Amino acid sequence: MKIATYNVNGVNGRLPVLLRWLEQARPDVVALQELKAPDDKFPIGAIRKLGYDAVWHGQSRWNGVALLSRVGAIHETRRGLPGDPDDTHSRYIEAAINGVLFGGLYLPNGNPRPGPKFDYKLRWFERLTAHAQGLIDSGLPVVLLGDFNVMPTEKDVYKPERWLDDALFAPEVRAAWFRLVDQGWTDALRTLHPDETIYTFWDYFRNAFARNAGLRIDHFLLSPSISGRLRAAEVDREPRSWEKTSDHAPVWIELADDPPGT
DNA sequence: ATGCCTACTCATAGTAGA
């Protein structure tokens with residue numbers, strides 16, 4: 001099963017890029033972030049034409065997450081994280097597909113730091129970690145995927161010293177990342193490529209993509225009961241070079257089929 | 001040190017992104 005995550009930075013503005021990539025890459029399950037569209041503006045017709053079903057949680061102007069599948073029915077289990085009934089952001093959607101539970105997420109950016117947006121990021125991270133503990137405890141095969149807006153280590157930033165005070169790389173945020181991962185999650189890309197420079201985002205400024213001045217902020221976390229099925233994990237850099245493209249690249253993993261009789 | 005670029009909208013300027 002090929003699973004991908006892609007922060008599209010506007011699902012309608014980037015629709016030609018998204019459709020071209022879906023046709024080319026043919027992932028079985030996809031998590032999208034930053035739809036920047038309300039529910040009734042999600043381009044479900046164009047996505048269905050390519051053979052995908054979808055569930056989505058949109059929002060006008062900002063945020064918005066979706067899960068797509070072309071390999072089986074999508075059984076939505078949750079939209080929004082528990083723990084704050086006043087949270088209006090559309091940042092989490094969860095569904096069972098093909099025997100695996102997928103949590104598609106768009107963690108808050110958190111800049112500027114310090115400030116209320118940074119506080120919200122840390123609170124959201126804590127709510128994610130609390131929910132993730134329940135997923136671990138369930139023993140189910142779970143994949144948490146999406147834009148986590150955190151570079152876990154210095155290896156994941158083109159120029160770490162410039163990012164120390166930024167909400168994506170601040171010590172509190174990296175500590176929150178490792179509190180989550182240390183529950184037993186496997187960071188799929190880093191596990192298969194322990195020493196490689198891997199970036200998933202390049203900003204639009206200063207020709208960042210051509211200079212490879214990037215960040216690794218889009219991640220896959222695998223629960224213990226599914227991590228043994230990991231076969232490949234890669235960044236699909238090509239779509240980042242296309243016209244009118246997102247500032248993120250799609251990232252994908254390949255999981256071996258569930259062994260029969262288990 | 002700042003802004004660069006890009007998308008979105010109760011749009012034509014302000015907000016957010018990272």
Side-chain angles (χ1 to χ4, degrees), chain A residues 5-19 21 31-43 46 56-66 87-92 104-125 128 145-174 176-177 197-219 235 237 239-251:
Chain A
T5 180
Y6 192 9
N7 179 324
V8 289
N9 188 12
V11 72
N12 289 305
R14 313 300 190 188
L15 190 59
V17 165
L18 173 63
L19 298 177
W21 167 72
L32 300 178
Q33 303 88 38
E34 278 207 87
L35 303 179
K36 293 186 173 181
D39 280 340
D40 61 355
K41 295 280 177 55
F42 184 79
W56 61 95
H57 192 198
Q59 181 174 344
S60 181
R61 304 177 75 189
W62 302 305
N63 310 318
V65 287
D87 185 0
T88 56
H89 294 202
S90 298
R91 296 184 176 275
Y92 187 81
L105 65 98
Y106 174 47
L107 209 135
N109 175 301
N111 279 306
R113 167 183 177 270
K117 290 185 177 180
F118 188 68
D119 297 339
Y120 173 66
K121 178 177 196 167
L122 292 180
R123 284 200 310 275
W124 205 94
F125 220 139
L128 175 64
L145 72 169
D147 179 356
F148 285 70
N149 269 318
V150 52
M151 298 85 88
T153 74
E154 297 195 344
K155 255 196 277 265
D156 304 312
V157 203
Y158 68 98
K159 199 165 277 196
E161 65 276 13
R162 282 210 185 158
W163 289 83
L164 289 171
D165 293 326
D166 190 277
L168 278 70
F169 196 56
E172 315 89 291
V173 176
R174 282 186 279 160
W177 164 266
T197 295
I198 309 168
Y199 299 140
T200 66
F201 166 92
W202 299 262
D203 77 30
Y204 293 120
F205 311 152
R206 290 172 299 200
N207 214 15
F209 184 59
R211 295 186 298 116
N212 199 27
L215 311 173
R216 187 173 79 98
I217 56 177
D218 300 275
H219 304 296
V235 179
R237 294 171 63 107
R240 182 63 183 79
S241 71
W242 296 346
E243 290 294 312
K244 299 283 287 177
T245 200
S246 171
D247 39 8
H248 294 249
V251 188

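Throughout, a chain's letter reflects where its sequence line sits, starting with A, and its residues are numbered from 1. Everything numeric here is computed off the predicted structure, so don't read it as measured data.
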Q | Single hit among A:Tyr106, A:Trp177, A:Phe201 for ring pair (Phe, Tyr, Trp, His ring centres under 6.0 Å) with A:Phe148 | A | A:Trp177
Q. Of A:Lys41 and A:Thr245, whose closest DNA chain B nucleotide lies nearer the 5' terminus?
A. A:Thr245
Q: Would you mind reading off the distance between A:Phe205 atom CZ and B:dA16 atom P, rounded to a whole angstrom?
A: 15 Å
Q: Could you check which of B:dC8, B:dA18, B:dT9 has an atom nearest any side-chain atom of A:Lys36?
A: B:dC8
Q) For atom C1', what is the distance between B:dT12 and B:dA7, given to the nearest Å? A) 14 Å
Q: In whole angstrom, give the distance that lies between atom CD of A:Glu34 and atom P of B:dA7.
A: 12 Å
Q) Checking all strands, does A:Phe209 fall into the base, sugar-phosphate, or nothing category for heavy-atom contacts under 4.0 angstrom? A) nothing
Q) Closest nucleotide of DNA chain B for A:His248 versus for A:Asn9: which of these residues is on the 5' side? A) A:Asn9
Q.
With rounding to the closest Å, how many angstrom separate the C1' atoms on B:dG14 and B:dA1?
A. 23 Å
Q) Would you say the side chain of A:Asn109 and the base of B:dA18 hold a donor-acceptor pair, judged only by whether the two atoms sit under 3.5 Å apart? A) yes
Q) Hey, does the side chain of A:Tyr106 come within less than 4.0 Å of B:dA18's phosphate (OP1/OP2), counting only N and O? A) yes
Q: Report the nucleotide, chosen from B:dA18, B:dC8, B:dG3, that has the shortest atom-to-atom distance to any side-chain atom of A:Arg206.
A: B:dG3
Q. For A:Asp147, which contact category applies under a 4.0 Å heavy-atom criterion: base, sugar-phosphate, or nothing?
A. sugar-phosphate
Q) Hey, does the side chain of A:Lys117 come within less than 4.0 Å of B:dG17's phosphate (OP1/OP2), counting only N and O? A) yes
Q. Given B:dG17, B:dA18, B:dT9, which nucleotide is nearest the side-chain atoms of A:Tyr204?
A. B:dG17
Q) Going by atom types alone, do A:Trp202 and A:Asp247 pair a side-chain donor with an acceptor below 3.5 Å? A) no
**Q.** A:Met151 CE - B:dA18 P separation (whole Å)
**A.** 11 Å
Q: Check A:Val11, A:Leu145, A:Thr5, A:Val8 against A:Gln33 for a side-chain contact (heavy atoms from CB on, under 4.5 Å) and give me the one that passes.
A: A:Thr5
Q | Whole-Å gap separating C1' (B:dA1) and CG (A:Asp166) | A | 15 Å
Q.
Could you tell me how far apart A:Gln59 (CD) and B:dA16 (C1') are, to the nearest whole angstrom?
A. 12 Å
Q.
Would you measure the distance from the P atom in B:dC8 across to the matching atom in B:dA18 and give it in whole Å?
A. 14 Å
**Q.** Residue-phosphate contact under 4.0 Å: A:Asn7 side-chain N/O, B:dA18 OP1/OP2
**A.** yes
(Q) Less than 4.0 angstrom between a side-chain N/O of A:Lys244 and OP1 or OP2 of B:dA7, yes or no? (A) yes
Q) What nucleic acid atoms does A:Asn149 come within less than 4.0 Å of, heavy atoms only: base, sugar-phosphate, or nothing? A) sugar-phosphate
Q | Integer angstrom distance from the P of B:dC5 to that of B:dC10 | A | 26 Å
Q) Could you state the CH2-C1' distance from A:Trp242 to B:dT6, rounded to the nearest angstrom? A) 19 Å
Q) Could you state the CH2-C1' distance from A:Trp62 to B:dA16, rounded to the nearest angstrom? A) 7 Å
Q) B:dT6 and B:dA11: how far apart are their P atoms, nearest whole angstrom? A) 24 Å
Q. Does the ring centre of A:His89 sit less than 6.0 Å away from the ring centre of A:Tyr120?
A. yes
Q | Shortest non-hydrogen contact from A:Arg206 toward A:Arg211 | A | O-NE, 2.8 Å
Q.
I'd like to know if the side chain of A:Asn111 pairs up with that of A:Asp166 as donor and acceptor (distance under 3.5 Å, no hydrogens or angles considered).
A. yes
Q. Can you tell me how far C1' of B:dA1 sits from CZ of A:Arg162, to the nearest Å?
A. 10 Å
